[in-house]
**Q** 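Dropping a structure here in structure tokens format, bear with me for questions.
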Amino acid sequence: MPTSLFSSARPRRWGRALAGAALAAGVLTTGTTAAQAATPVTTATTATTASFAGPASYAPADAPAVLGRAALVVDTSTGEVRYSKDAGERLPVASLTKMMTAHVVLQEADPADVVEVTAEDVRYAARGGAAVAGLRAGDRLPVRDVLHALMLPSGADAAHVLARTYGPGVEGFVGKMNAAARELGMADTLYVNADGMPTNGGGHSTAADQARLAEAVLGNETLKSITSTRHHSVEATSEHGSYSWRNTNRLLAQPGAVGVKTGYTRAAGYTLAFAAERDGRLLVGVILGESDSGRRFDTAQALLDWAATAGKA
């Protein structure tokens, strides 16, 4: 397994950066603690996104407009928070949940391992209007292909296959997801299933926590390759039928884009975890609670373009 991007030396520094940036911009809210407010603004240049608390926002005057309920953009090469809008507000995140599903699976599975699709997996995905990858009961597929089915078309059937297999059982797997969230410093996140559907309340997270997770996902070369893939085909074998999946992430048509995940439920609205490599830097962002599907991509692209050039004379 690759080394985690989140060492024990990094906790809580994104939160301090957000507080310092918000204070400098005159937008510090009552949700930010006095300890955070006392942090010098200069910490923003070395900050990370771990454990941001409070609904502070940091939106420079020249930043693009964001109509979603919450957003965050971070330059992970420096840890600098470039933009924040209510990044600590707990909200449903829909299929961004599947980033954690993939992350947990690869804590113990090899991409070449083979898992079997069951009728239970297919039946589960058919309920409630979830997005599916069209997996067929009886097919035996490598984990790598099932992860493509999970992340590209956002298949709830793929999520169920993986959670059932590596829990073992979905309930056990969700417990692992929440444990992994704690390990990553995602203190404002609760998972209740492996797919992000509103079952059992749907759980919650924040833009800051999801950005932290997206950075961890991109730190795994297997997952980075998958989230960067626009189309994935699987040829039929004696073990399984053929499949063809397209990524729901429209940003992948843009240079440097490397993922990460789309989502939608009625409760969550349209959600997006996005990332791009620009001039040797990895920019990671999250938009939650957008009411228009296309606008989340346009906004994300505008934020990436702005964050890549802001501060350059």
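Atom set for the values below is all heavy atoms of this structure, side chains included, hydrogens, waters and symmetry mates excluded.
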**Q** Just wondering, do Val234 and His148 contact through their side chains at under 4.5 Å, heavy atoms?
**A** no
**Q** Are Asp121 and His160 linked by a side-chain donor-acceptor pair shorter than 3.5 Å?
**A** yes
**Q** Should we say atom CZ of Arg140 is surrounded by more than 12 heavy atoms from elsewhere, each under 6.0 Å from it?
**A** yes
**Q** Working to the nearest 0.5 angstrom, can you tell me the gap between Leu252 CG and Phe297 CZ?
**A** 9.0 Å
**Q** Which atoms form the tightest heavy-atom contact between Asp86 and Ser57, and what is the distance?
**A** N-OG, 3.0 Å
**Q** Any donor-acceptor pair under 3.5 Å linking the side chain of Lys176 with the backbone of Gly167?
**A** yes
**Q** Is it true that Glu80 and Arg281 make a salt bridge, defined as a side-chain N closer than 4.0 Å to a carboxylate O?
**A** no
**Q** Same cluster or not: are Val105 and Met186 linked, directly or through other Ile, Leu, Val, Met, Phe, Trp or Tyr residues, by side-chain heavy atoms under 4.5 angstrom apart?
**A** yes
**Q** Can you tell me how far the OG1 atom of Thr206 sits from the CG atom of Leu288, to the nearest 0.5 Å?
**A** 7.5 Å
**Q** Any chance CZ of Arg69 has more than 12 other-residue heavy atoms, nucleotides or ligands included, within less than 6.0 Å?
**A** no
**Q** Are Val132 and Val122 joined in one hydrophobic group, where the rule is that I, L, V, M, F, W and Y side chains link up if heavy atoms are under 4.5 Å apart?
**A** no
**Q** When clusters are formed by joining ILVMFWY residues with side-chain heavy atoms under 4.5 Å apart, either directly or through shared neighbours, do Tyr243 and Leu152 land in the same one?
**A** yes
**Q** In the structure I gave you, are the side-chain heavy atoms of Arg136 and His240 within less than 4.5 Å of one another anywhere?
**A** no
**Q** Treating Asp157 as the side-chain partner and Gly134 as the backbone partner, does any N or O pair qualify as donor plus acceptor under 3.5 Å?
**A** yes
**Q** Contact between Phe274 and Leu283 at the side-chain level, heavy atoms closer than 4.5 Å - yes or no?
**A** no
**Q** Check for a donor-acceptor pair, side chain of Arg164 on one end and backbone N or O of Pro168 on the other, with a separation under 3.5 Å.
**A** no
**Q** Would you confirm whether Glu108, through its side chain, and Val104, through its main-chain N or O, come within 3.5 Å as a donor-acceptor pair?
**A** no
**Q** Does Glu171 have more than 12 heavy atoms from other residues, nucleotides or ligands lying within 6.0 Å of its CD?
**A** no
**Q** Met197 and Met99: same hydrophobic cluster, using ILVMFWY side-chain contacts below 4.5 Å?
**A** no
**Q** State the CE-CZ distance between Met100 and Phe173, to the nearest 0.5 angstrom.
**A** 9.5 Å
**Q** Is any side-chain heavy atom of Gln301 closer than 4.5 Å to a side-chain heavy atom of Arg250?
**A** no
**Q** Assess the residue pair Val286 and Leu272 against the criterion (side chain to side chain contact (heavy atoms under 4.5 Å, CB included)); give the C-alpha distance rounded to whole Å, side-chain angles, the decisive distance to 0.1 Å, and a yes or no.
**A** CA-CA 6 Å; Val286 172; Leu272 180 66; over 6 Å; no
**Q** Looking only at side-chain N and O atoms, does Glu235 offer a donor or acceptor that is under 3.5 Å from a partner on Ser242?
**A** no
**Q** Once rounded to the nearest 0.5 Å, what's the spacing between atom CG of Leu91 and atom CD of Gln210?
**A** 10.5 Å
**Q** Would you name the heavy atoms of Leu72 and Val81 that are closest together and state the gap between them?
**A** CD1-CG1, 3.8 Å
**Q** Looking only at heavy atoms, what is the nearest atom pair of His231 and Ser244, with distance?
**A** NE2-OG, 2.7 Å
**Q** Can you tell whether the side chains of Arg278 and Asp75 come within less than 4.0 Å, N to carboxylate O?
**A** no
**Q** Spell out, as yes or no, whether a donor-acceptor pair under 3.5 Å connects the side chain of Thr227 to the backbone of Leu223.
**A** yes
**Q** Is Leu96 reachable from Val258 through a run of hydrophobic residues whose side-chain heavy atoms are each under 4.5 Å from the next?
**A** yes
**Q** Is there side-chain contact between Ile287 and Thr271, with at least one heavy-atom pair below 4.5 Å?
**A** no
**Q** What are the two closest non-hydrogen atoms of Leu135 and Ala149, and how far apart are they?
**A** CD2-CB, 4.3 Å
**Q** If we only count heavy atoms from C-beta on, is the Val146 to Leu141 side-chain gap below 4.5 Å?
**A** yes
**Q** For a 4.5 angstrom cut-off between non-hydrogen side-chain atoms, does Val74 reach Arg82?
**A** no
**Q** What I want to check is whether the side chains of Thr189 and His204 have a donor and an acceptor closer together than 3.5 Å.
**A** no
**Q** If I compare all heavy atoms of Ala59 with all of Tyr83, which pair ends up nearest, and what's the gap?
**A** CB-CE1, 3.5 Å
**Q** Provide the closest heavy-atom pair for Ala273 versus Ala214 in the form atom of the first, atom of the second, distance.
**A** CB-CB, 4.5 Å
**Q** Quick test of your reading of the model: are Glu290 and Arg296 salt-bridged, counting only N-O distances below 4.0 Å?
**A** no
**Q** Which Ile, Leu, Val, Met, Phe, Trp or Tyr residues join Leu190 in one cluster when any pair of side-chain heavy atoms under 4.5 Å counts as a link?
**A** Val192
**Q** Is it true that a side-chain atom of Trp245 and a backbone atom of Ala133 form a donor plus acceptor pair closer than 3.5 Å?
**A** yes
**Q** Give a yes or no answer on whether the side chain of Thr76 reaches the backbone of Leu282 with a donor-acceptor pair at less than 3.5 Å.
**A** yes
**Q** Going by ring-ring contact (aromatic ring centres under 6.0 Å, His included), name the residues that satisfy it together with Tyr191, two or more places apart in sequence or in a different chain.
**A** none
**Q** Cut-off 3.5 Å, no hydrogens considered: what does the side-chain donor-acceptor table look like for residues 259-268, sequence neighbours left out?
**A**
residue: Lys261; atom: NZ; partner: Ser154; partner atom: OG; Å: 2.8
residue: Thr262; atom: OG1; partner: Thr248; partner atom: OG1; Å: 2.6
residue: Thr265; atom: OG1; partner: Ala268; partner atom: N; Å: 3.0

**Q** Could you tell me whether the side chain of Pro111 reaches within less than 4.5 Å of the side chain of Leu106, counting heavy atoms only?
**A** yes
**Q** Mind checking the CG-CG spacing from Asp195 to Leu162? Nearest 0.5 Å is all I need.
**A** 11.5 Å
**Q** Do the side-chain N and O atoms of Lys98 and Thr101 include a donor-acceptor pair separated by under 3.5 angstrom?
**A** no
**Q** Does Asp113 reach the main-chain N or O of Asp110 with its side chain, forming a donor-acceptor pair under 3.5 Å?
**A** yes
**Q** Can a donor-acceptor pair be found, under 3.5 Å and without considering hydrogens, that links the side chain of Thr97 to the backbone of Val93?
**A** no
**Q** Say you draw a straight line from CG of Asp209 to CZ of Arg90; how long is it, rounded to the nearest 0.5 Å?
**A** 8.5 Å
**Q** Going by atom types alone, do His232 and Asn247 pair a side-chain donor with an acceptor below 3.5 Å?
**A** no
